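Working notes, structure below.
FYI, side chains are in, hydrogens and waters are out, and symmetry mates aren't considered; it's all heavy atoms of this structure. Since the model is a prediction, treat every value here as computed from it, not as a measurement. Letters A, B, ... mirror the listed sequences (proteins, then strands); counts begin at 1.
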Amino acid sequence: MSVRVRFAPSPTGALHIGGVRTALYNYLFARKHGGQFLLRIEDTDQNRFVPGAEDYIIEALKWVGLIPDEGVGFGGDYGPYRQSDRKAIYLDYALQLVERGHAYYAFDTPEALEARRESEDNFTYNQFTRTGLSNSLTLSAEAVQQHLDAGLPYVIRLKVAPNQEIRIHDLIRGEVVFQSADVDDKVLLKADGMPTYHLANIIDDHLMKITHVIRGEEWLPSTAHHVLLYQGFGWEDTMPQFAHLPLIMKPVGNGKLSKRDGAKFGMPVFPLNWEGATEEDHFPGFREAGFLPEAVVNFLALLGWHPENDQEIFTLEQLVEAFSVGHISKSGARFDYEKAKWFNQKYIQAMDAATLATHIQPLAEAKGYEVSVEYLQQVAVLMKERVTFLPDFVEQGYYLFEPVRTYDSETVQKKWSETVAGIFVELQSSLGNIVPFESANLEEKVKQFVQEKGAKPGDVLPLLRIALAGTMKGPAVFDMAVALGSAETMGRLKRFVETFNK
RNA sequence: GGCCUGUUCGUCUAGGGGUUAGGACACGUCCCUUUCACGGAUGAAACACGGGUUCGAUUCCCGUACAGGCUACCA
């Protein structure tokens, strides 16, 4: 049977980077085994629905290159893939479970249950407490029918049998055992007619022929309910295998990574910018911060998984090849932004100038720079060894696009002297005439000239750099001069001399 | 509180009854370079604790501690 896995996020806001990793592992597993990867939208909670969240999820998956074979926005033969569009399906199945004696009607109001929780410390609706509550197990058949006929609100709950051992063979954690006494009678169908996650999940996985459920560790406890549901429906034979992923933890402190951590630690925790309704609900994304999607994928892949060797840089195809569930670690992984930056730097370094130029172009245009693609490629070559983020090309390297804003005058003061001033005055008029205007030739001629004047290259070159870039950081001086061109180089020298030769 | 899951350098991790406990990020030093980076070399840095089992445990078992998750008509 062909492998089928799904990524099933809830559209309650921006897709967390941990969600992207879950999607990635599902994708890798599907590709590795020649199976399908589906996107299912789990929007059964109408109260938590957030407009735009679904589009965000789809756009994020596209950005990182994890294209589903089926799902909302991608078609497929097992649709609809949005649970709110499948509402009609769930009631029939819930009723079927009631008939089979694995579920029951419950009429207790949320307020009544809330009151119980208030007064009793650890109240749960389960096999021990249900006998004292209002449900089809305690009420007579007539009373139940009356309630139903009268249109009283009800939910359908899972009827957990006593003295059962529920065994799960998790692909990552091995055997996990629960006692049914510890498992509560979860609501399966809510009073509004929508299923809860638990019911919808099982029915959809069954109907969509899902073979492997790869999801976060937060789902491990409820897997006991899920197994009971498969048994209740008589679907044990086709029950998917489970793999519960370790969680991604906060960069500092305790707990799992949350959306607030982005602002708190000054780093993105979402793939894309998210602009919610309120000011508070705005979060930066990896894309807008200047990450390459390949770098994000590579970083995420290694957060909780490792290959058989010590390889660190992987294309998506290589990840597919190397991936195995057996090498997923069990413990939570701290979100390491430094490592994420390192990956991005590595990917920028490895990228060819033409491709890099296409990434820099929109950034340059946004700044109002009008330059040719050829020039952007030169900028790419000059800067790629010294940037971490895409915007660094136009920010750190702004002087390649516009005049120097400020000179590192401290360094200039230190180096400035009568001799040097004289050299610069001459350089100002002669440098542009050096032919050919090429890096190696310029370097040779300038150094020669400086020495003829009785100075050392070290006295002059740093200042030449400041004249062109304003700062002591940056690409090789003569490479910059060539990129800027002789006219611009001359202009910058002139301005530099005018500024300091007073 | 109850249930479930974890615990190797600061971080991500490899390993697994006998190893100089390996790699990567970050950090230090040096080399390259009259800049900054890149690159290269090198250094410091870890098996949570206590009991077993064993000739021998970081590795297997039990307990403790700590951490995480779940405990909604949320997912």
Show me the donor-acceptor pairs within less than 3.5 Å that the side chains of residues 454-469 of chain A make with the rest of the protein, sequence neighbours left out.
from	atom 1	to	atom 2	distance (Å)
A:Asp459	OD2	A:Lys456	N	3.0
A:Arg465	NH1	A:Pro475	O	3.0
A:Arg465	NH2	A:Pro475	O	3.0

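For the pair A:His359 and A:Leu292, the tightest heavy-atom approach, listed with the atom from each and the gap, is NE2-CD1, 3.8 Å. Contact record, A:Gly470 with A:Val404: CA-CG1, 3.5 Å, taken as the closest heavy-atom pair.
Rounded to whole Å, the distance from CD on A:Glu175 to P on B:U5 is 10 Å. Distance, A:Glu120 CD to B:G2 C1': 15 Å, rounded to whole Å. For the pair A:Phe128 CZ and B:G2 P, the computed distance is 16 Å after rounding to whole Å. Distance CZ (A:Phe314) to C1' (B:G23): 12 Å, rounded to an integer number of Å. Taking atom CG of residue A:Asn254 and atom C1' of nucleotide B:G10, one finds them 15 Å apart after rounding to whole Å.
Judged by Watson-Crick or G-U wobble contacts below 3.5 Å, the nucleotide B:G63 has B:C49 as its partner. B:G68 and B:C4 make up a base pair, with Watson-Crick or G-U wobble contacts both under 3.5 Å.
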Open item on the list: Strictly under 4.0 angstrom, non-hydrogen atoms only: write out the protein contact profile of nucleotides 29-41 of chain B, one letter per nucleotide from the 5' end, B, S or -.
Closed with: -----BBBBSS--
- [ ] Using a 4.0 Å cut-off on protein heavy atoms (strictly under), produce a 5'-to-3' string for nucleotides 70-75 of chain B with B for base contact, S for backbone-only sugar-phosphate contact, and - for none.
- [x] SSSBBB
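The residue A:Asp182 sits close only to the backbone: its heavy atoms come under 4.0 Å of sugar-phosphate atoms, none of a base.
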Dump every N/O contact between nucleotides 12-14 of chain B and the protein below 3.5 Å, one line per pair.
from	atom 1	to	atom 2	distance (Å)
B:C12	OP1	A:Arg334	N	2.8
B:C12	O2'	A:Leu302	O	3.1
B:U13	OP1	A:Gly304	N	3.0
B:U13	OP1	A:Ser329	OG	3.3
B:A14	OP1	A:His306	NE2	2.3

Please list each protein N or O that sits under 3.5 Å from an N or O in nucleotides 62-66 of chain B, with the distance.
none

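The backbone N or O of A:Glu294 sits nowhere less than 3.5 Å from a side-chain atom of A:Asn298 that would complete a donor-acceptor pair.
For RNA chain B, none of the residues of residues 405-416 of chain A falls under the heavy-atom distance limit of 4.0 Å.
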